[in-house]
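In this text the structure is predicted, and so the values were computed from the model without any measurement. Just so you know, these numbers use all the heavy atoms, side chains as well, and skip hydrogens, waters and symmetry mates.
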Amino acid sequence: MLRVSPTTVLGDRISDAELALHLFIRNPHQFGGIILKGPGPVRDAMLAFAQEALAKRGPVARIPVNIDSERLLGGLDLSATLAAGRGVMRSGLLNDCSGGVIILPMAERIPRDVAAHIAQAMDGRKLAAILLDDSVDGDEAPPPVLTERIAFHCDMSDLRQFDGAASPTTQNSAALTDTQLVGLVNTASALGIGSARASIFAHKAAHALAEFHGRAAANDDDLTAAVRLVLAPRATQFPPDAPPEPEPDSPPDQPDSDPGDDEERQVEDMDLEDILLEAAAAAIPKNILDQINGTAKGKGKGQAGRSGQKQKSAQRGRPLGARPGVPGHGRKLALIDSLRAAAPWQSMRRAAAAANDLRKIHIRKSDLRVRHYEQRRESLTIFAVDASGSSALSRLAEAKGAVEMMLAQAYVKRSQVALIAFRQNGAEILLPPTRSLTRARRALAALPGGGGTPLAAGLQAAQHMAETAMRGGRTPTIAILTDGKANVRTDGTANRELAMAEAQQAAKSLAQSGVQCIVIDISPRPRVEAAELAEALNGRYLPLPQAQSTAMVAAIESIGG
């Protein structure tokens, strides 16, 4: 998302988010739309300003997040059909808003089928969209099929006021040179942006910015602003230290060309790309920087708490629409959808009915529809901690910190945490699955340490807890804090060689269960035994010689469901 930074517009200082809004209002269909992330009075003021300005040009309508396909695309008018006894069609919202702008509240919750229909309308250049993104982290975001078609992604968390003041000058002859176009494309490539739409939007934005400022041709300021507005929010990597070396503009078969001119042109090209890359690096959002830096590699679902896998439900969750079926056993009747399915047949059924049944609505079993929902399964993170040896106290301290950090937002993410410690002759469940921070602190306060290393017993205990969680509808992840060495067998006898063999066997069994695992190597130096354990588990290996709770949580989040 675009971070807010001040921009000078005809002597006034406005934020990049305000500038993006003004560009969008001037030509909504050229830019596809704008994403306004972060609820609050500033966003409300910007939205009201945009609605007032856009309503003068065409229709503006809100699309509810729970809208069905028939209301969106048009279809049977249920009330009119039942009253008339014949099919009566009505227009859909997308058709009613043709040539205008739609507003999508809670855009991060738009169903995939609805997003696809909206994207198709946008591709026909008949529709632009304002997406209101209320998501709080990376777990939810507006559908990519829409964000890909929208030029401006604005995060207004740092914006404190908006007055709508901007008095741009209109100039219709602004243009970009070939060198400027190449600079934008190379910048997009350096930021790891694979879509051509981003470069096209950046070109349009630079062109519009030049017109916005009353210039006949785009300058470096217009290009850097376009990079901040369009390319930086889409970055997937840091730009390289140096931009790609440009190709000479003069063909080699022109003897009259001056080599000095080529060198000067190359320097100018590189200077422009340096400027654009520097602007992009400064405007890349913080959450992208965290992922690039490796703070949350992999899937990167957030810094505290995970959401579990999706599952179909008959009783609760996000609505998925109605399906044919008979209510009962937890399934709820979708009355409107059932009536809609029966409506086209009323004329035929009434004709075959007795005279006293002419005013009745004739429903058949095949007309019945039941509601379907989708909800995320509750997640469970199981910490299996090697509490043996002289360094156990430091390892346990880090484990305690990680458990408390993950529990801090457990209610938000529907996640639970459990803790298993293995030492001396076996494994012990110190903290059963819980979301209670008070209970966790009480259990962690008396966490023991020292003794031998029954690694196989710890793995078996973790697998048993994970399988129990899966049977209960939860999504488990196991984080194993160990150096990978074992010296105590599952029967409690000390034998290093046999204990290591048992640990490998237990790891293979755990891998076959399909539970996601991560081995956090907490030895002073990375150990080959821990890496081999991760390989046997088909899991991720993370060496943390200086283990920190925040790093552990980030690593666990990166493999979460």
Side-chain angles (χ1 to χ4, degrees), residues 379-389 391-392 395-396 398-399 402-403 416-433 447-472 474-523 526-544 547 552 555-556 558-561:
S379 64
L380 169 64
T381 301
I382 302 170
F383 287 89
V385 183
D386 180 358
S388 64
S391 60
R395 291 198 295 265
L396 295 178
E398 294 298 344
V403 169
Q416 293 188 344
V417 173
L419 178 63
I420 296 173
F422 53 94
R423 70 184 190 101
Q424 292 183 348
N425 298 327
E428 180 182 2
I429 299 176
L430 298 179
L431 182 64
L447 190 60
T453 310
L455 178 56
L459 296 176
Q460 291 173 357
Q463 179 179 352
H464 177 72
M465 180 178 289
E467 291 176 344
T468 301
M470 287 191 292
R471 288 192 295 269
R474 286 174 289 181
T475 302
T477 299
I478 299 176
I480 306 163
L481 283 67
T482 181
D483 58 6
K485 295 188 296 182
N487 54 25
V488 176
R489 300 179 60 188
T490 53
D491 60 6
T493 59
N495 187 311
R496 185 179 301 275
E497 183 178 351
L498 294 179
M500 288 294 293
E502 285 185 347
Q504 283 291 314
Q505 186 62 36
K508 293 177 181 178
S509 175
L510 183 52
Q512 292 175 355
S513 70
V515 178
Q516 289 184 319
C517 298
I518 179 171
V519 176
I520 302 174
D521 187 349
I522 47 169
S523 57
R527 305 282 306 188
V528 65
E529 293 91 345
E532 291 175 349
L533 177 63
E535 183 178 0
L537 288 164
N538 289 331
R540 182 178 170 188
Y541 171 68
L542 182 67
L544 289 179
M552 289 184 192
I556 295 166
S558 71
I559 67 168

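Across all non-hydrogen atoms, the minimal contact from A503 to L459 is O-CD1, 3.5 Å. Nearest heavy-atom pair across A418 and P432 is CB-C, 4.0 Å. Residues M470 and S513 approach most closely at CE-O, 4.1 Å, considering heavy atoms. The minimum heavy-atom distance linking P476 with A469 is given by the pair CB-CB, 4.4 Å. Closest approach of N425 and G492 over heavy atoms only: OD1-O, 3.5 Å. Heavy atoms only, all atoms of each residue included: A456 and A506 are closest at O-CB, 4.1 Å.
Note that CG of L498 and CD of Q505 are 13.0 Å apart. Values are rounded to the nearest 0.5 Å. The distance from atom OG of S509 to atom CD of Q463, rounded to the nearest 0.5 Å, is 3.5 Å. For the atom pair Q516 CD and T477 OG1, the distance stands at 5.0 Å (nearest 0.5 Å). The structure places CD1 of I480 at 7.5 Å from CZ of F422, a figure rounded to the nearest 0.5 Å.
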(request) Could you go through the side chain to side chain contact (heavy atoms under 4.5 Å, CB included) check for T475 and L380 one step at a time? (result) CA-CA 6 Å; T475 302; L380 169 64; over 6 Å; no
(request) Give the C-alpha distance, both sets of side-chain angles, the deciding distance and a yes or no for side chain to side chain contact (heavy atoms under 4.5 Å, CB included) between E529 and M500. (result) CA-CA 9 Å; E529 293 91 345; M500 288 294 293; 4.1 Å; yes
(request) Would you sort out whether D386 and L481 count as a side chain to side chain contact (heavy atoms under 4.5 Å, CB included), showing the intermediate values? (result) CA-CA 6 Å; D386 180 358; L481 283 67; 5.9 Å; no
(request) Please report the C-alpha distance between I382 and I420 in whole Å, then the side-chain angles of each, then the deciding distance to 0.1 Å, and finally whether the side chain to side chain contact (heavy atoms under 4.5 Å, CB included) criterion is met. (result) CA-CA 7 Å; I382 302 170; I420 296 173; 4.0 Å; yes
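The shortest distance between side-chain heavy atoms of L510 and I478 falls below 4.5 Å. Looking at M465 and P433, their side chains come closer than 4.5 Å, going by heavy atoms from C-beta outward. Put simply, the side chain of R540 does not reach to within 4.5 Å of the side chain of C517, judged on heavy atoms. Side-chain contact between L455 and L533 is present, with heavy atoms from C-beta onward closer than 4.5 Å. R474 places none of its side-chain heavy atoms less than 4.5 Å from the side chain of S379. N495 has its side chain within reach of E497: a pair of non-hydrogen atoms, C-beta onward, lies under 4.5 Å apart. Between L542 and V519 there is no side-chain heavy-atom pair separated by less than 4.5 Å. Counting heavy atoms from C-beta on, the side chains of Y541 and D521 come closer than 4.5 Å.
No hydrogens or angles considered: a donor-acceptor pair under 3.5 Å links the side chains of T493 and D491.
With hydrogens and angles ignored, the 3.5 Å screen pairs a side-chain donor or acceptor of N487 with a backbone N or O of T453. Checked by atom type and distance alone, the side chain of T482 pairs as donor or acceptor with a backbone atom of G484 at under 3.5 Å.
Here R489 pairs with E502 in a salt bridge; the nearest charged N to carboxylate O distance falls below 4.0 Å.
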